[in-house]
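Structure record follows, encoded as structure tokens.
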Number of protein chains: 2
Amino acid sequence: MRSQSTDDYLKALYKLETEEKPVSTTALARLMKVTAASATGMIQRLARDKLVAYRRYYGVRLSPEGKRIALRVIRNHRIIELFLAEELGVSWDKVHQEAEAWEHVVSTEVVEKMADRLGNPKRGQRGQLIPERDGAMPEQRDHVLADAAIGALLRVTEVEDDDAGVLQHLVSIGLGPDSRLEITERRQYDNLLVIRVGGKTEILGPSLAQRIRVARLPVVRRSKEKVV
Amino acid sequence: MRSQSTDDYLKALYKLETEEKPVSTTALARLMKVTAASATGMIQRLARDKLVAYRRYYGVRLSPEGKRIALRVIRNHRIIELFLAEELGVSWDKVHQEAEAWEHVVSTEVVEKMADRLGNPKRGQRGQLIPERDGAMPEQRDHVLADAAIGALLRVTEVEDDDAGVLQHLVSIGLGPDSRLEITERRQYDNLLVIRVGGKTEILGPSLAQRIRVARLPVVRRSKEKVV
DNA sequence: CAGCAAACATAGGTATGACTAAACAGCAGG
DNA sequence: CCTGCTGTTTAGTCATACCTATGTTTGCTG
């Protein structure tokens, strides 16, 4: 039987997975805030249960079944977050922690009732893509702010951080999902990003710029301007 | 740190407790569907954590702190049941099981938001009294149907059973919270109760009559009668 | 290519919470 | 008073999931 712990590990593995290389024990341990030994132990149980493919001293990768579970848990989490915020008026800084506990416990059936109530949203509280009902993950078409070109006009699609302090800071400078911004300058030596947002100039450190995802704003000047 | 298991045991102890004698290990084990040995083990942990008073070979009783936790869990459970049914449209036979999982996980803060949304109800889905926000348990003024006098006009206040089959049967004969009924006859030898409910005559066995709580109907002129 | 440090795995310990099997307490009846 | 039954507790085992301490690999670097 699956436990909350295994669900959490699978979720963490999904976040860490990339096309290229398998996830390292240390990376998993760091994200889960446990020792490497504990991570090894859990990886072995997951491998035994066929939820991951594992080779010692090499790395670990989700199996199709493991991925399915991870996406389900992530969908639950994001729907619950939205539900807590929009339907129950839970303050944004408490929503994440509460959803963390609920996600393992709320039945799929009830999550889908919440999703219906919310109008089957495609993105979560901070703009994260939500896995679909059937387990498919929509393709991510945006890119990280840190990689964007100078002078580009951008729209924030997602904030990839759930730390309350970080979010609070971003709110204070007017940066959140759907904010518009322009990159003014990239400082060579310390990699700081100077941006214009809401009529003001702000500076972002590289770690922050790495956690904000953006999409290019369509250039609409010349033809019929349509404001939505 | 409290766990789901300890919460469940405390809840069970609250249900079993009476003024007179302490709860027996066997009774607790039966309700929790574990062996007596397991119950003993848990009782010892609860005693160690000062959540119960315990004497070997004698019995166990909730401490004030244990009682406080039990009442909190029960309040959570009942509010969540109502919320699931009324706000999310979860069908009545699935509500109990879902709430069983949620009750340990939903923060007090969010439960109270649900309670506000529901208008701070005093009774649960099946008419059970809900412990108050501050931990007080309202006094039970009703009594069990099995003890009621013949000829009495009664209103159902509570159905003390969460078995889906039992509930389904009661629904089918038109008995639920707020139903009105009259006791026609009590059969001496097999203790069956003959009642009039919704214009029909029904017969209840003693085990069922023991699980239904009723209040005497105030004798008033029938002007604003609520139909359920 | 050898050697070393970082990354990873194993061994052994703890707590929870379940189980079975076996010992033991307490009360009733002979 | 002792015997025996019922109820209860103890003892020992197992799985999960964490820890610390200690080995083992791997890959980088001189």
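FYI, side chains are in, hydrogens and waters are out, and symmetry mates aren't considered; it's all heavy atoms of this structure. Residue numbers begin at 1 in each chain, while the letters A, B, ... track the order of the sequences.
- Between the B/S63 side chain and the B/K50 main chain, a donor and an acceptor come within less than 3.5 Å of each other.
- For the pair A/R186 (side chain) and A/A148 (backbone), a donor-acceptor distance under 3.5 Å is present.
- Near-neighbour residues of DNA chain C inside residues 32-43 of chain B, defined by a heavy atom below 4.0 Å, number-ordered: B/V34, B/T35, B/A37, B/S38, B/M42.
- Listed by first and then second residue, the salt bridge (Lys or Arg N to Asp or Glu O under 4.0 Å) pairs involving residues 60-69 of chain A are A/E65-A/R68 (not counting sequence neighbours).
- Applying the salt bridge (Lys or Arg N to Asp or Glu O under 4.0 Å) definition to pairs two or more places apart or across chains, those involving residues 96-109 of chain A are A/K11-A/E100, A/K11-A/E103, A/E109-B/K94.
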N/O donor to acceptor pairs below 3.5 angstrom from side-chain atoms of residues 81-92 of chain B, sequence neighbours left out:
residue	atom	partner	partner atom	Å
B/E81	OE2	B/H77	NE2	2.9
B/E81	OE2	B/H96	ND1	3.1
B/E87	OE1	B/R117	NH1	3.2
B/S91	OG	B/D93	OD1	2.8

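- Atom OH in A/Y9 sits roughly 13 Å away from atom P in D/dT16 (whole-Å rounding).
- The CG-C1' distance, from A/L10 to D/dT16, rounds to 15 Å in whole Å.
- Between B/R72 and B/E112 there is a salt bridge, with a side-chain nitrogen of the basic residue lying less than 4.0 Å from a carboxylate oxygen of the acidic one.
- Contact check of residues 98-108 of chain B against DNA chain C (heavy atom, cut-off under 4.0 Å) returns no residues at all.
- Atom CD of A/Q4 and atom C1' of C/dG17 are 15 Å apart (whole Å).
- Residues B/T157 and B/P177 form no side-chain contact, since every pair of their non-hydrogen atoms from C-beta on lies 4.5 Å or further apart.
- Within the 3.5 Å criterion, the main-chain N or O of B/G124 finds no donor-acceptor partner in the side chain of B/R78.
- Heavy atoms of other residues, nucleotides or ligands lying less than 6.0 angstrom from CD of A/E132 number more than 12.
- A/L28 has its CG atom 10 Å from the P atom of D/dC18, to the nearest Å.
- Atom CG of A/D8 and atom C1' of D/dC18 are 14 Å apart (whole Å).
- At D/dT9, one or more side-chain N or O atoms of B/T25 fall inside 4.0 Å of OP1 or OP2 (strictly under the cut-off).
- Taking 4.0 angstrom as the limit, A/R48 places a side-chain polar atom (N or O) nearer than this to OP1 or OP2 of D/dT16.
- In terms of phosphate contacts, A/R45 brings a side-chain nitrogen or oxygen within less than 4.0 Å of OP1 or OP2 of D/dA17.
- At least one side-chain nitrogen or oxygen of B/Q44 sits closer than 4.0 Å to the OP1 or OP2 atom of D/dT10.
- Near DNA chain C, meaning a heavy atom under 4.0 Å away, the residues from residues 50-61 of chain A are A/Y54, A/R56, A/Y57.
- Using a 4.5 Å heavy-atom cutoff, the side chains of B/L13 and B/L46 are in contact.
- A heavy-atom distance below 4.5 Å is not found between the side chains of A/D49 and A/R2.
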